[in-house]
Amino acid sequence: MRICVLGLGYIGFPTACLLAHAGHQVVGVDIRESIVERLRNGQIHITDETGLVELAQAVLRSGALQVSTTPVEADAFIVCVPTPLTVSTDAGGASAMSNSVAHRASLAEVAAGVEDNGVLPSHVGNSVARPTVDLSYVQAAVESIVPVLQSGNLVIVESTVPPGTTEHFVLTIFERHGWNREDILLAHAPERVIPGAIMREMIENDRVVGGLTPQATKAAWELYATLIKGRILTTDATTAEFVKLIENTYRDVNIALANELARVAEHLGIDVQESIAMANRHPRVNILNPGPGVGGHCIPIDPHFLIERAPGLTPLIQTARAVNDGMTEHVVTMVDKLSKQENLRRWVILGVAYKSDVGDERNSPALEIAGRLESRGYSVAMHDPFIERFNRPLDGLVNGVDGLLLVTDHSLYLKLDPEDVGSRMARRFLVDTRLCLDAHAWKEHGFVVRRLGDGRSMLSTAHAR
Ligand code: SAJ
């Protein structure tokens, strides 16, 4: 099959490589000329996913994967472009993208259906500024394939979008160019892979595909069947969009519960980690881990796509977002309070990536925490072994500082020698927001240790050297 993959990011690029490896003739398209140019020279732009660089070089070398800045004729097109959030300040509360008349009209169509069920769409009669999806990349990608599109082509949207987007937004673009839903096989098939294990999960995870017609669903099923070992579950496009969003919303809400419990435990003077470990021994309880906030390009974003469609029906989801977003300020307050008590000024943040052992800093709590601490007058240095500009020798960075603030639980930090690190510092203070370091070991080497969600550590009277 000839397949054109639009968007060569964390999802599109591995998808293009794996499809090429599976025997398809693939053209990967990206509007970023520099990336296309580098790929033509065999230089791979995503290096932190195990197995990707080797596979990419092989399929580029064999010619099974070619790259371009514009789409070419193909049997199938897969759209893997970003769908960021944008905060609108217009009275309608709609995204920046909706300045385009077409987009406004199509969203209004969706809203009309939803209103029947009593839900107030976010962009109707609502002057509150609310984050909404920016579909401009999807629109540009879809419009870019129109000149090469042929009747019977399969078009799959993999980008995460609000429910109704494939049917009421993407289809509308094709309709404006004279195609109808029978001419083009249009489907949504959300990606569900976890950064850090993308190459494995892309093959092994179950997949959901939903077409606008039974023929579209079948065609999408057949394409993914050439790649995927997991089950391929079929439904309609709007349900497929909804399924993706509720997966990430489920996780966001459950992380929010853990974060809220952490704050309650601090208030009660007990340790949330110990409590969660015991509660999780119950056969039907599985509480997640509290932390400094929820980062990445998915979980902090996707719940907003549900909220956007049904603002009046999502108080729990909205509260969970607020709880998780509030964790950065909570961490800053912890550090600030301790610093004022102990006269500390210089801090090093350990870990900038949004989670352990990846090099992705999108929506990372660390960057926000650093900015807030700096604005309160602290000197803050940042370290991360997975991000080039923060990958400096830790020995030099901790020299003369007062405290370590662990924000990301990279494996490297679990192996740190407290005495070696402490001997370079001016004072020995440690704030662990991931509850991943051995507090006893650090205390034995003279550190005062504060742990998020551990009220006991906050009552501690032990004094740093
Ligand atoms: N986090 C916590 N406590 C936890 C678990 C996570 O604070 O107990 C934090 C992490 O530190 C991180 C954030 O949440 O900052 C998100 O990390 P994650 O590992 O939960 O998820 P992502 O964003 O890397 O990937 C998610 C996955 N979704 C689900 O697990 C339901 C992945 O399968 C999706 O494909 C991906 O979003 C996506 O692209 O949508």
Side-chain angles (χ1 to χ4, degrees), residues 7 9-15 48-49 80-85 133 158-161 188-208 230 240-263 272-273 276-277 279-280 285-306 320-321 323-328 330-331 350-369 384 386 406-410 413 432-436 452-453:
Y10 271 88
I11 300 302
F13 188 59
T15 302
D48 58 348
E49 285 295 335
C80 302
V81 295
T83 45
L85 275 184
V133 66
E158 283 203 12
S159 307
T160 305
V161 291
H188 181 67
E191 61 79 15
R192 317 163 99 184
V193 291
I194 193 116
I198 287 179
M199 303 306 279
R200 181 174 54 74
E201 289 209 348
M202 215 167 246
I203 303 283
E204 290 178 5
N205 285 5
D206 291 350
R207 193 91 195 206
V208 177
E241 291 162 341
F242 185 67
V243 168
K244 164 72 191 188
L245 298 178
I246 64 174
E247 291 166 1
N248 281 351
T249 300
Y250 165 85
R251 201 154 166 83
D252 198 43
V253 170
N254 281 282
I255 296 169
L257 173 65
N259 283 334
E260 188 162 290
L261 295 177
R263 297 181 69 164
V272 78
Q273 190 178 40
I276 290 176
N280 283 352
V285 174
N286 187 14
I287 302 171
L288 294 174
N289 302 315
V294 172
H297 62 295
C298 312
I299 297 192
I301 310 294
D302 296 357
H304 287 291
F305 295 177
L306 278 184
R321 275 284 70 244
V323 168
N324 288 336
D325 278 350
M327 290 310 287
T328 45
H330 180 64
V331 169
L350 298 179
V352 180
Y354 79 97
K355 67 175 189 177
S356 66
D357 296 341
V358 300
D360 191 336
E361 59 185 281
R362 283 176 290 180
N363 299 308
S364 162
L367 296 168
E368 201 178 316
I369 289 169
D384 196 298
F386 292 91
L406 185 131
V407 176
T408 312
D409 45 345
H410 289 314
Y413 299 141
D432 179 0
T433 69
R434 293 282 185 178
L435 313 178
C436 65
L452 182 95

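Whatever order the structure lists ligands and atoms in, that order sets their numbers, starting from 1.
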Examine distances only and state if a side-chain atom of R207 and a backbone atom of A189 form a donor-acceptor pair shorter than 3.5 Å. yes

With sequence neighbours left out, write down each residue that passes side chain to side chain donor-acceptor pair (under 3.5 Å) with T328, or none if nothing qualifies. E368

Using a plain distance cutoff, I'd like to know if N248 has any nitrogen or oxygen under 3.5 Å from a nitrogen or oxygen of ligand 1. yes

Side-chain (S364) to main-chain (G295) donor-acceptor, under 3.5 angstrom: no

Is it true that, when you exclude E201 itself, more than 12 heavy atoms of the residues, nucleotides or ligands shown sit nearer than 6.0 Å to its CD? yes

H297 and N363 side chains, donor-acceptor separation under 3.5 Å: no

When you measure from atom 32 (C) of ligand 1 to each heavy atom in N259, I11, V193, I287, which option holds the nearest one? V193

Closest protein heavy atom (residue, atom, distance) for atom 40 (O) of ligand 1: K244 NZ, 2.4 Å

What residue and heavy atom of the protein are closest to atom 5 (C) of ligand 1, and at what distance? R251 NH2, 3.4 Å

Pick from N289, T433, I246: the one approaching atom 8 (O) of ligand 1 most closely through a non-hydrogen atom: N289

Rounded distance (nearest 0.5 Å) linking atom OG1 of T160 with atom CD1 of I11: 8.0 Å

Which one holds for R434 and ligand 1: side chain close, backbone close, both close, or neither close, with close meaning a heavy atom under 4.0 Å? side chain

Find all atoms of ligand 1 within a distance of less than 4.0 Å from any non-hydrogen atom belonging to G293, and give their numbers and elements. 15 (O)

Flag yes if more than 12 heavy atoms outside F13 fall under 6.0 Å of its CZ atom; otherwise flag no. yes

Ignoring hydrogens and angles, tell me if any N or O in the side chain of S356 forms a donor-acceptor pair with the backbone of H410 under 3.5 Å. no

Nearest to atom 33 (O) of ligand 1, what protein heavy atom do you find, and at what distance? R192 O, 2.8 Å

Should you measure from each heavy atom of E191, which atoms of ligand 1 turn up under 4.0 Å away? 35 (O), 38 (C), 39 (O), 40 (O)

For E247, counting its heavy atoms only, list the atoms of ligand 1 lying under 4.0 Å from any of them. 31 (C)

What protein heavy atom lies closest to atom 38 (C) of ligand 1? Include the residue and the distance to one decimal. C298 SG, 2.7 Å

Salt bridge present between E158 and K244 (N-O < 4.0 angstrom): no

Among protein heavy atoms, which sits nearest to atom 14 (O) of ligand 1, and what does the distance come to when rounded to 0.1 Å? I255 CD1, 3.5 Å

Roughly how far apart are D48 CG and F386 CZ, rounded to 0.5 Å? 8.5 Å

Would you say ligand 1 has an N or O under 3.5 Å from any N or O of V294? no

Can you report which non-hydrogen protein atom sits closest to atom 19 (O) of ligand 1, along with the distance? K355 NZ, 3.0 Å

Atom pair NZ/CD of K355 and E361 - distance to nearest 0.5 Å: 15.5 Å

Straight-line distance of R192 CZ to N205 CG, nearest 0.5 Å: 7.0 Å

Atom 22 (P) of ligand 1: closest protein heavy atom, distance to 0.1 Å, is Y354 OH, 3.6 Å

Would you please determine whether G296 falls within less than 4.0 Å of ligand 1 on a heavy-atom basis? no

For atom 21 (O) of ligand 1, find the nearest protein heavy atom and state the residue, atom name and distance (0.1 Å precision). I299 CD1, 3.5 Å

Quick one: does G295 get an N or O within less than 3.5 Å of an N or O on ligand 1? yes

A student checking ligand 1 against P195 at a 4.0 Å heavy-atom cut-off should list atoms 24 (O), 25 (O)

